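Computation of the quantities below employed the complete heavy-atom set of this structure, encompassing side-chain atoms and omitting hydrogens, waters and symmetry-equivalent molecules. The structure displayed is predicted, hence computed values, not measured ones.
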Amino acid sequence: MNDIVDKYVVYARKIAVQYEAKQVAFADLTGLVEEFASKFTAQVNELPESQRAPTRAALETAIEAVQNSLDEHSLSAQALEEILLSFNRTPIY
């Protein structure tokens, strides 16, 4: 579980850095975020059902911690917020 969370925190930070550096536009950010949520969901669905919700919660908490360490008005924080919003719209079965 921790390996998955660590992997996706790094992935989220990479997206945030790209957005902060203006390497991607908002429309591109949306696509990256949807891809992020889709890949995470696919990987979590490979876990036993009992581990899915805790893994999702751990990732959400970790991303929120990174976001809270940033200036709330920064582009990185905004990108992480988009990740959290998309992540929360993605159902895990």
What distance do Gln78 atom CD and Gln67 atom CD have between them, rounded to the nearest 0.5 Å?
-> 10.0 Å
Atom pair CD (Glu34) and CG (Leu29), whose distance is rounded to the nearest 0.5 Å = 10.0 Å
Closest heavy-atom pair, Leu75 versus Glu20, reported as atoms and distance to 0.1 Å, is N-OE1, 3.0 Å
Closest non-hydrogen atom pair between Phe36 and Ile83, with its separation = CE2-CG2, 3.4 Å
Given side chains that start at C-beta, do those of Ile4 and Leu47 come closer than 4.5 Å, heavy atoms only?
-> yes
Do Val17 and Leu84 share a hydrophobic cluster, counting only Ile, Leu, Val, Met, Phe, Trp and Tyr and linking them when any side-chain heavy atoms are less than 4.5 Å apart?
-> no
Under 3.5 Å donor-acceptor, Thr55 side chain and Gln51 backbone = yes
Which atom of Leu80 lies closest to which atom of Ala12, heavy atoms considered | CD2-O, 3.8 Å
Interatomic spacing from CD in Glu46 to OG1 in Thr41 - rounded to 0.5 Å | 11.5 Å
Of all heavy-atom pairs between Leu32 and Ile15, which one has the smallest distance, and what is that distance?
-> O-CD1, 4.0 Å
Exam field: side chain Ser69 to backbone Val66, donor-acceptor pair closer than 3.5 Å = yes
Mind listing the closest non-hydrogen atom pair of Ser86 and Ala37 along with its distance?
-> OG-CB, 3.8 Å
Min side-chain heavy-atom separation Arg52-Asn45 under 4.5 Å | yes
For Val33 and Glu82 the tightest heavy-atom approach is CG1-O, 3.4 Å
Just how far is it from atom CG of Asn2 to atom CG of Leu59, taken to the nearest 0.5 Å?
-> 11.5 Å
Between Phe40 and Lys7, does a side chain to side chain contact (heavy atoms under 4.5 Å, CB included) hold up when you go through it step by step?
-> CA-CA 10 Å; Phe40 177 74; Lys7 173 183 173 180; over 6 Å; no
Going by atom types alone, do Tyr8 and Gln43 pair a side-chain donor with an acceptor below 3.5 Å?
-> yes
Please assess Asp28 against Tyr19 for the test side chain to side chain contact (heavy atoms under 4.5 Å, CB included), listing each intermediate value before the final yes or no.
-> CA-CA 9 Å; Asp28 298 325; Tyr19 191 60; over 6 Å; no
